[in-house]
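Order of listing sets the numbers, starting from 1, for every ligand and every atom in it. Residues: numbered from 1 along the sequence shown.
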Amino acid sequence: MSIPVPGRIEIITGPMFSGKSEELIRRLKRARIARQRVACYKPDIDLRYHRTSIASHGAQTHDASTVANVEDLRAALFPQLDQIEVVGIDEVQFFADAIIPLAVELVHLGKRVVMAGLDTTFANEPFGPVPNLMALADEVTKLSAVCMVCGAPAIHTQRLGQSQELVVVGATGLYEARCRAHFHPYADEHHSEQLELPAVS
Ligand code: ADP
Ligand code: MG
């Protein structure tokens, strides 16, 4: 009787521009160097760059299939599952909670599941399934970006302008990475420095 290969769940999280996609791409490329077979997916909400790849803001790319939802992801993955060792998923925050049991199922089948996504929304609330996936993961990598106001490590995603819709994807200039001191959810952040409250005397 063969011993089953243990699977593994890895989460790469942090704000926008923190290098999540870069890190996912790096891990998937290394897996391929190790001759492991990789399948990568992303939700079709993220059409910034290309439908057949994931991309980082720093221009690294990796082949990926676009899927509409968790059911589509399952349907794309399972017919070829015995030929795949590593499953990559970018922008995982946009998937429904059904991604959680799917990830657990894959790990029990011996797969390495590497998922990248935002931990919090522009309103600083937990983003979709990511916090639960972090709790279930074997390894969590929380990256920081660079605050666009002061250069400090940034853990927040600041939405610029007034839109309160949860998902406004892709247009450059709509979001910035911000540190705690310069993150203002719900404020119009085009002039953040001027919005700082005066010190109470
Ligand atoms: P994420 O997937 O987390 O949004 P990416 O991997 O797409 O991040 O992009 C990371 C790259 O974005 C960095 O290597 C850097 O070249 C660029 N970048 C642009 N703005 C920032 C910022 N404020 N902080 C850090 N990196 C930034
Ligand atoms: Mg990304």
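Of the N or O atoms in Gly19, one or more lie within a sub-3.5 Å distance of an N or O in ligand 1. Considering backbone and side-chain N/O of Ser56, none are found under 3.5 Å from N/O of ligand 1. The N/O atoms of Val146, backbone and side chain alike, include one that comes under 3.5 Å of an N/O atom in ligand 1.
Aromatic ring centres of Phe17 and Tyr175: separated by at least 6.0 Å.
At least one N, O or S atom of Ser21 sits under 2.8 Å from the Mg ion (ligand 2).
Seen from the ring of Phe183, Arg180 does not count as a face-on cation partner, given the 6.0 Å and 45° thresholds.
Atoms of ligand 1 found under 4.0 Å from any heavy atom of Pro15 (numbered from 1 in listed order, with element): 3 (O). The ligand atoms of ligand 1 that sit less than 4.0 angstrom from a heavy atom of His57 are 4 (O), 5 (P), 7 (O), 8 (O), 9 (O), 12 (O). With ligand atoms numbered from 1 in the order given, ligand 1 contributes 23 (N) to contacts under 4.0 Å with heavy atoms of Met148.
A donor-acceptor pair is defined here as one N or O able to donate and one able to accept, closer than 3.5 Å; no such pair exists between the side chain of Glu91 and the backbone of Gly117. Between the side chain of Lys142 and the backbone N or O of Ile12 there is no donor-acceptor pair closer than 3.5 Å.
Between the side chains of His62 and Arg32, at least one donor N or O sits under 3.5 Å from an acceptor N or O.
The only option from Asp97, Ile99, Val104, Thr13 that meets the side-chain contact (heavy atoms from CB on, under 4.5 Å) definition with Leu133 turns out to be Ile99.
Of the listed residues (Ser21, Ala154, Gly117, Ala145), the one carrying the non-hydrogen atom nearest atom 2 (O) of ligand 1 is Ser21.
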